[in-house]
Amino acid sequence: MAKKIVLIDGHSILNRAFYGLPDMTTSKGEHTNAVLGFISIMFKILDEEKPDYLTVAFDTNHPTFRHEMYAEYKGTRKGMPEELREQVPVMKEVLKAMNIAILEKPGYEADDILGTLATRAEEAGNQVSLVSGDRDLLQLASDKIKIRIPKTKRTGTEIEDYYAQDVVERYHVTPKQFIDLKGLMGDASDNIPGVPGIGEKTAGKLIESYQSIENIYQHIDEMSPSKVTTSLKENREIAFLSKQLATINTNCDLEFKIEDATLGNLYNEEVYLLFKRLEFKSLLSRFQTEEVSHTTGIEKNFQWITEPGEASQIFASIQDKVAHPIGLQLIFENDSFLGLSLCKEEENIFFIQCDERITKEYLTISASHLARKGYLTSVIGLKEQLTYLKVTEKDNMFDASVAAYLLNPLTDTYHYDDIARDYIGLTVPSRDDLLGKNSLVSAMNENKEAFLSYACYSAYIAFRSAEKLRDLLFRAGMQQLFETIEMPLIYTLHDMEVRGIRVNKDALREYGDNLTVGIDKLEKNIYELVGEKFNINSPKQLGVILFEKLQLPFGKKTKTGYSTSADILEKLQSEHPVVAMILEYRQLTKLKSTYADGLAGYIQADERIHGKFHQTITATGRISSTDPNLQNIPIRMELGRQIRKVFIPEENYVFLDADYSQIELRVLAHMSGDERLIAAYREAKDIHRITASEVFHIPFEEVTPAQRSSAKAVNFGIVYGISSFGLGQDLNITRKEAERYIDKYFQTYPNVKAYLDRLVMDAKELGYSTTLFGRRRPIPELNSSNFMQRSFGERVAMNSPIQGTAADIIKIAMLRVNQKLKEGNYRSRLILQIHDELLVETHKEEIEQVAKIMVEEMQSAAELSVPLEAEVKEGNNWYEAK
DNA sequence: CCTAGCCCT
DNA sequence: TGAAAAGGGCTAGGT
């Protein structure tokens with residue numbers, strides 16, 4: 001039976017897509033427009049044709065017979081811009097992930113490979129679609145071979161189709177005669193010469209009359225003399241050479257059998273992850289629709305329980321089952337507790353609904369008992385469930401989300417469907433697939449089937465994934481990290497969220513009102529100074545005012561227009577008095593919108609803000625804070641710093657705030673083993689000053705403030721994964737000078753240099769970097785063919801172990817502080833962590849003991865070859881305690 | 001929904 | 001030569 005075959009000219013389509021679509025980059029700067037365009041074209045064709053076979057041919061760098069015939073021959077790969085060139089390997093990566101056969105053979109161009117395959121397939125009676133942006137391929141058109149020429153437009157992809165008949169209609173020549181046309185006309189893009197004086201029109205007429213170049217020359221003497229005939233006579237060799245160059249070789253020596261190009265599953269996990277990495281958001285929906293369409297067959301095991309007797313039987317039955325983890329999920333939304341789902345074996349997955357007979361207390365107590373009895377109870381997202389689930393770090397809980405985060409901290413969500421996909425190889429419908437934007441409450445009443453699936457999948461995946469995740473953690477050497485740091489930390493973070501931080505609402509309002517006064521004044525002055533009203537908050541409008549109306553010199557442009565960022569404006573302050581006002585306006589509006597107004601919206605009835613702390617967000621192991629972010633409260637500028645006065649302890653309490661001193665540099669000293677750096681820290685003096693003194697060879701006492709601040713910048717640079725460019729920008733010096741600073745630094749601390757080099761090398765070999773406590777961060781960028789990407793990977797390889805180890809250490813300190821406070825029955829509570837700082841709301845009778853606990857636990861959290869210093873301060877608000 | 005801009009360690 | 005110095009989150013404007 002005739003098969004359908006699609007053959008794609010790889011470089012040609014990439015080219016089309018590249019020039020047809022606006023430039024696109026991922027958030028990391030990887031160009032992706034050609035790849036996206038290629039895939040869009042390919043999907044469109046596959047959707048239309050549903051072919052049996054698909055293969056993509058690429059040109060190689062090797063010379064072909066055309067180069068041998070004609071030295072000036074160009075071919076498609078020459079002169080490719082870097083933004084396109086870097087996309088070629090990415091494109092191949094995508095095709096490989098889709099299991100699409102890639103064909104390339106030294107000595108042949110893609111055209112020749114495609115021509116050969118098309119001809120063979122045609123002879124075997126098959127239907128062929130040849131996809132290319134290059135009209136040269138029209139010479140291959142027949143009644144079985146269709147040439148498809150896609151055009152990428154902003155509105156989508158349109159495809160022109162040519163069977164032999166269409167070629168004749170459109171160009172008035174047969175496909176074969178297309179070669180003769182090109183022989184006469186030449187082709188500038190391939191550097192194929194044409195006969196001078198002959199363009200598209202003349203060539204067309206000649207071939208229409210004489211059919212071929214050979215025939216033209218047979219009858220050349222009969223033709224009436226003209227410029228054209230003279231040129232033809234003079235350039236006979238060019239015409240024949242060009243015809244040969246333009247002829248596609250349909251007889252290549254290929255081992256390849258078309259059966260090798262059988263289409264498999266394009267929508268697999270690898271492709272999904274790749275598209276995610278490339279940020280092809282619009283294409284991800286294709287996966288979701290595929291995912292939803294096939295069910296897992298597990299749904300038949302889902303049961304909705306409403307009978308108290310059955311519920312108690314289910315809990316009782318778990319007594320017999322100790323060997324395997326239990327999957328559990330409490331189902332709730334805001335303040336309504338709806339029930340819980342439970343899975344102890346593949347065949348029986350229950351949702352037990354909460355109602356008058358099966359009470360919330362009964363369910364939560366029964367659920368909490370499971371873990372307390374010692375069965376490993378696996379949940380997805382423990383911290384959130386602790387509102388109802390009364391278990392502690394001593395109980396035998398397992399959080400699959402946190403486990404999955406440790407195994408790969410680079411993804412953004414760790415929901416049950418993510419875990420199913422990544423660790424069980426199972427595609428299950430996500431919450432969004434099942435319930436969309438519906439609330440759980442409404443789904444439970446109106447969309448029972450989807451609701452049951454949502455509830456039960458969660459417990460089922462928790463059940464199914466636990467052992468696998470545990471095994472992977474063990475193999476990666478992260479079991480201890482998981483069990484002794486990450487799992488216990490869940491409870492600590494939950495405690496912090498519950499406790500929250502008290503805010504003086506009136507003081508906050510007053511702070512905001514004062515800002516408004518200042519903002520209004522500035523606004524008026526700015527309008528007066530520039531002579532018109534505009535939206536100062538709009539970088540676009542501001543750019544027009546500053547750089548067009550006022551004609552200020554613009555430093556750099558962003559994708560969208562002029563840059564009006566603070567560092568640009570700072571340099572422009574002397575040019576016009578309005579610039580300083582705009583900077584101040586920015587400062588004030590930032591404080592007003594994000595902090596004064598922003599924070600006010602989070603104050604709860606208990607006068608406190610209960611922000612969230614996230615454990616599964618950062619790539620390095622730090623925690624993050626949202627709703628609101630309490631880790632970025634202003635401190636640098638005095639006006640901003642004032643806002644810390646509104647954060648206050650409750651009556652009879654004070655704040656104790658303890659900071660690590662230079663924890664990351666100390667970690668670096670320890671991990672690098674650099675004797676000189678270690679010695680510097682043992683002196684326990686101003687480290688930036690020591691660095692300046694040693695790097696610039698000046699006595700400690702004679703270091704100038706400028707030298708100290710340079711050294712400080714270098715120290716930061718080292719931690720961030722040094723680059724002369726970045727350091728230069730930070731210090732406002734040339735790249736060359738920055739380079740010299742870095743060299744001097746590495747001369748002073750040679751083992752730091754050796755250590756950083758080793759970090760990069762090891763990470764390149766392993767594909768990930770590791771902290772002192774075994775935390776991993778994958779660094780796929782290290783293998784990128786893109787210089788920028790790779791450099792980024794190298795900096796990440798230097799930074800992650802340092803930042804990550806510091807994060808590990810403070811997590812340990814948090815756990816121990818929290819534990820001591822609870823065990824010692826203190827009234828004081830840990831309420832914030834800001835990366836190297838802990839804030840404890842401390843009862844006035846406990847100040848001395850708590851201060852001691854904080855400093856001791858922080859300093860002893862890790863045993864390094866340099867001391868860990870922590871300093872604690874006391875205050876009646878957060879401003880005073882810093 | 002993205003971006004420019006800016007707050008923190 | 002060029003070129004995101006690491007890790008985060010929030011707001012406003014503009015599509």
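Computed from heavy atoms alone, side chains included, the values below leave out hydrogens, waters and symmetry copies. Because the structure is predicted, anything quoted here is derived from the model rather than measured. The sequence lines fix the lettering, A, B, ..., with proteins before strands; numbering per chain opens at 1.
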**Student:** Does A:Arg735 have a side-chain nitrogen or oxygen under 4.0 Å from the phosphate oxygens OP1 or OP2 of C:dT1?
**Tutor:** yes
**Student:** Does this structure show an ion pair linking A:Asp757 with A:Lys753, if we count only N-O contacts that are shorter than 4.0 Å?
**Tutor:** yes
**Student:** Without decimals, in angstroms, what is the distance between A:Ile536 CD1 and B:dC6 P?
**Tutor:** 14 Å
**Student:** Whether A:Ser791 contacts C:dA3 is assessed here as follows: a side-chain N or O lying under 4.0 Å from the phosphate OP1 or OP2. Is that the case?
**Tutor:** no
**Student:** Hey, is the side chain of A:Ser538 poking within less than 4.0 Å of OP1 or OP2 on C:dG14, counting only N and O atoms?
**Tutor:** yes
**Student:** Has A:Arg777 got a side-chain N or O lying under 4.0 Å from the OP1 or OP2 atom of C:dA6?
**Tutor:** no
**Student:** Does a nitrogen or oxygen in the side chain of A:Gln729 sit under 4.0 Å from OP1 or OP2 of C:dA3?
**Tutor:** no
**Student:** Distance check: side-chain N/O of A:Arg636 vs OP1/OP2 of B:dC8, anything under 4.0 Å?
**Tutor:** yes
**Student:** Just the rounded figure in Å: distance from P of B:dG5 to CG of A:Asp567.
**Tutor:** 9 Å
**Student:** What nucleotide among C:dG9, B:dG5, C:dG13 has an atom nearest to a side-chain atom of A:Asn537?
**Tutor:** C:dG13
**Student:** Output the rounded distance in Å from CG (A:Asn799) to P (B:dT9).
**Tutor:** 16 Å
**Student:** Respond yes when some side-chain nitrogen or oxygen of A:Lys540 is under 4.0 Å from OP1 or OP2 of C:dT15, and no when none is.
**Tutor:** yes
**Student:** Among C:dG9, C:dA3, C:dA12, which is the nearest nucleotide to the side chain of A:Phe725?
**Tutor:** C:dA3
**Student:** Nearest heavy atom decides the nucleotide; on that basis, is A:Arg795 or A:Phe787 closer to the 5' end of DNA chain C?
**Tutor:** A:Phe787
**Student:** With a 4.0 Å limit, can you tell me whether A:Thr564 has a side-chain N or O closer than that to the phosphate oxygens OP1/OP2 of B:dG5?
**Tutor:** yes
**Student:** Distance check needed: C:dA5 P versus A:Glu739 CD, whole Å only.
**Tutor:** 14 Å
**Student:** Measure the distance from CD1 on A:Ile834 to C1' on C:dG9 and round it to the nearest whole Å.
**Tutor:** 14 Å
**Student:** If you check every side-chain atom of A:Arg622, which of C:dA5, C:dG9, C:dA6 has the closest atom?
**Tutor:** C:dA6
**Student:** Round to the nearest Å and state the distance from A:Leu569 atom CG to B:dC6 atom C1'.
**Tutor:** 12 Å
**Student:** Between C:dG8, C:dA5, C:dA4, which one does the side chain of A:Asn629 approach most closely?
**Tutor:** C:dG8
**Student:** Just how far, in rounded Å, is P of C:dA6 from CG of A:Asn715?
**Tutor:** 17 Å
**Student:** Going by a 90° cut-off around 0, is C:dA5 syn or anti?
**Tutor:** anti
